[in-house]
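Structure, as structure tokens:
Whatever order the structure lists them in is the order used to number ligands and atoms, beginning at 1. Index from 1, following the sequence.
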Amino acid sequence: MPKKYLGQNFLFDPSILHKIIEVSNLTSDDTVIEIGPGHGKLTKMLAEIAKKVIAIELDLELYTRLKEEFERIKSYHSYTHLPIYPFNIEFIHGDALKYHYEKLGAFKVVSNIPYYITTPIIFRLIEARKNLKSMTLTIQKEVAQRIVAKPDTKDYGVLSIAVQYYAHPELKFIVPRGAFRPVPKVDSAVIHVEILEKPRVNVRDEKLFFRIVRTAFSQRRKTLSNSLKAISKDIKGILMDAEINPIRRAETLTIEEFAKLSNVLSFEHVPLSC
Ligand code: SAM
């Protein structure tokens with residue numbers, strides 16, 4: 001029985017799995033992390049292309065089954081002279097949120113992520129971005145739309161800026177809910193996120209930059225001069241110095257404008273309670 005609390009909605013449709021592989025741009029030099037291999041369908045396809053696959057599964061039952069199945073395939077393969085698959089797969093039983101990605105060399109992530117950890121796992125991977133090249137993730141459609149959103153749209157917000165600051169995300173295609181077993185309540189989308197060599201904009205103080213972004217969007221219907229009152233007593237003057245009209249709203253600001261605002265603030269003023 002699939003465990004709902006572990007986000008177990010499995011993908012079996014080979015045409016969708018092939019499309020995921022296609023947009024992930026994997027090469028035979030790549031080390032790939034797969035979060036939640038489940039029944040191992042995607043894992044096998046990844047291992048046929050990549051140099052190495054590290055598959056982290058939290059469910060002990062699935063992990064044990066996968067290990068046994070792949071050991072069996074291995075023993076069969078040792079009588080033949082076939083390619084390295086399945087010898088290039090390492091299965092790990094554990095929580096992908098706790099995995100020490102920092103110890104890896106260059107790596108990519110290709111995964112059908114369990115819904116309940118989507119945002120924390122994206123933030124965890126961005127935190128470990130030093131050697132991370134790209135992420136190809138199957139996630140809830142609404143979250144994908146927020147990640148790729150541009151200013152002046154309802155989906156644009158903290159998540160869009162947090163990802164786009166470090167990376168270039170693209171929504172590749174929609175996966176209808178009917179493609180999963182069991183069928184979830186929402187549709188999914190596959191995104192490909194290329195990590196940038198350096199952040200998209202120059203920011204003097206990242207902590208302050210993200211504090212401004214979070215504060216501005218916490219009251220997204222208000223004008224910036226109102227929503228950012230908690231940041232500085234002179235927020236109107238600071239906005240003007242950054243050439244941003246104080247009556248604009250958070251959702252109209254580009255990342256470049258948020259960067260400019262935070263740089264003006266950190267140059268000219270001491271922000272409140274920093
Ligand atoms: N990759 C498979 C597929 O595409 O059919 C399974 C995807 S299913 C959406 C998510 C998988 O992640 C399940 O196998 C689940 O047990 C596993 N999982 C859930 N939470 C996890 C965690 N914190 N760390 C690692 N795996 C997890």
Side-chain angles (χ1 to χ4, degrees), residues 1-24 26 31-50 52-70 73 85-86 88-104 107-128 132 134-144 147 172-192:
M1 272 296 273
K3 300 181 178 82
K4 217 173 159 187
Y5 67 94
L6 287 180
Q8 292 182 352
N9 300 98
F10 302 104
L11 262 180
F12 294 104
D13 184 336
S15 68
I16 291 174
L17 294 170
H18 275 115
K19 268 170 93 177
I20 293 175
I21 297 284
E22 204 178 295
V23 300
S24 66
L26 283 187
T31 295
V32 186
I33 292 273
E34 187 190 7
I35 292 159
H39 292 289
K41 291 273 179 289
L42 182 63
T43 322
K44 179 173 172 283
M45 293 167 85
L46 294 171
E48 279 167 352
I49 302 174
K52 179 163 188 186
V53 178
I54 301 170
I56 309 166
E57 176 56 61
L58 183 59
D59 184 342
L60 182 60
E61 208 182 312
L62 281 179
Y63 163 81
T64 310
R65 203 189 298 165
L66 275 172
K67 277 282 272 190
E68 284 171 6
E69 185 188 333
F70 280 76
I73 302 173
Y85 156 78
N88 58 344
I89 308 175
E90 180 185 348
F91 288 107
I92 293 176
H93 174 231
D95 183 348
L97 286 168
K98 296 191 182 139
Y99 185 73
H100 194 47
Y101 301 95
E102 285 78 0
K103 71 180 177 194
L104 298 172
F107 71 104
K108 293 179 178 175
V109 176
V110 183
S111 301
N112 173 14
I113 299 288
Y115 290 149
Y116 80 103
I117 57 165
T118 307
T119 329
I121 199 71
I122 290 174
F123 282 120
R124 174 69 191 97
L125 290 167
I126 285 179
E127 184 187 40
L132 175 61
S134 66
M135 312 184 253
T136 306
L137 308 176
T138 307
I139 57 175
Q140 199 174 327
K141 186 177 87 179
E142 284 69 25
V143 181
I147 287 174
K172 292 295 191 179
F173 60 93
I174 304 293
V175 186
R177 64 194 79 180
F180 297 88
R181 291 291 176 272
V183 179
K185 288 200 177 76
V186 290
D187 293 324
S188 287
V190 174
I191 56 166
H192 181 75

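The closest approach between any non-hydrogen atom of Glu57 and ligand 1 is below 4.0 Å. Under a 4.0 Å heavy-atom criterion, Gly94 is in contact with ligand 1. Heavy-atom separations between Leu42 and ligand 1 are all 4.0 Å or longer. At a 4.0 Å cut-off, at least one heavy atom of Glu34 sits close enough to ligand 1 to count as contact.
By the 3.5 Å distance cut-off applied to N or O atoms, Phe10 is not counted among the residues near ligand 1. Any N or O atom pair closer than 3.5 Å counts here, and Pro114 shares no such pair with ligand 1. For ligand 1, the polar-atom distance check finds an N/O of Gln8 within less than 3.5 Å of one of the ligand's N/O atoms. Among the atoms of Tyr116, some N or O lies under 3.5 angstrom from an N or O of ligand 1. Considering backbone and side-chain atoms alike, Asn112 places an N or O below 3.5 Å from some N or O of ligand 1. Between Ala96 and ligand 1, a contact under 3.5 Å exists for at least one N or O pair.
Each of the atoms 14 (O) of ligand 1 lies under 4.0 Å from some heavy atom of Leu62. Less than 4.0 angstrom separates some heavy atom of Asp59 from each of these atoms of ligand 1: 16 (O).
Nearest protein heavy-atom contact of atom 12 (O) of ligand 1 is Gly36 CA, 3.1 Å. For atom 23 (N) of ligand 1, the nearest non-hydrogen atom of the protein is Asp95 OD1, 2.8 Å. Of all protein heavy atoms, the one lying nearest to atom 25 (C) of ligand 1 is Ile56 O, 3.4 Å. Counting protein heavy atoms only, atom 9 (C) of ligand 1 is closest to Gly7 O, 3.1 Å. Taking atom 5 (O) of ligand 1 as the reference point, the nearest protein heavy-atom neighbour is Leu11 N, 2.8 Å.
For Lys3, the NZ atom sits in a packed shell: over 12 heavy atoms of surrounding residues, nucleotides or ligands are nearer than 6.0 Å.
Look at Glu102 and Arg124 and you find a salt bridge, because one of the NZ, NE, NH1 or NH2 atoms lies within 4.0 Å of a carboxylate O, short of that distance.
Proximity of Phe180 to Ile16: side-chain heavy atoms (C-beta onward) are nowhere separated by under 4.5 Å. At a threshold of 4.5 Å between non-hydrogen side-chain atoms, the residues Ile147 and Ile122 count as touching. Within the 4.5 Å cutoff, the side chain of Ile20 has heavy atoms near those of the Leu11 side chain.
With Leu58, Leu6, Ile121, Leu97 as candidates, the residue nearest to atom 22 (C) of ligand 1 on a non-hydrogen basis is Leu58.
With Asn9 contributing its side chain and Arg181 its backbone, the two residues share no donor-acceptor pair below 3.5 Å. A distance-only check finds no donor-acceptor pair linking the side chain of Asp187 to the backbone of Ile174 [under 3.5 Å]. A donor-acceptor pair under 3.5 Å is absent between the side-chain atoms of His93 and the main chain of Ile56, judged by distance alone. Looking only at distances, a side-chain donor or acceptor of Tyr101 sits under 3.5 Å from a matching main-chain atom of Ala96.
Contacts between Pro37 and ligand 1 below 4.0 angstrom, taking non-hydrogen atoms only, involve the backbone exclusively. Residue-level proximity to ligand 1 for Thr43 is absent, since no heavy atom of it falls below 4.0 angstrom.
Taking CE from Met1 and CD from Gln8, the interatomic distance works out to 10.5 Å, rounded to the nearest 0.5 Å. In this structure, Ile191 CD1 and Lys172 NZ are separated by 11.0 Å, a value rounded to the nearest 0.5 Å.
Ring pair Phe12/Phe10 is tilted by interplanar angle, where 30° to 60° counts as tilted.
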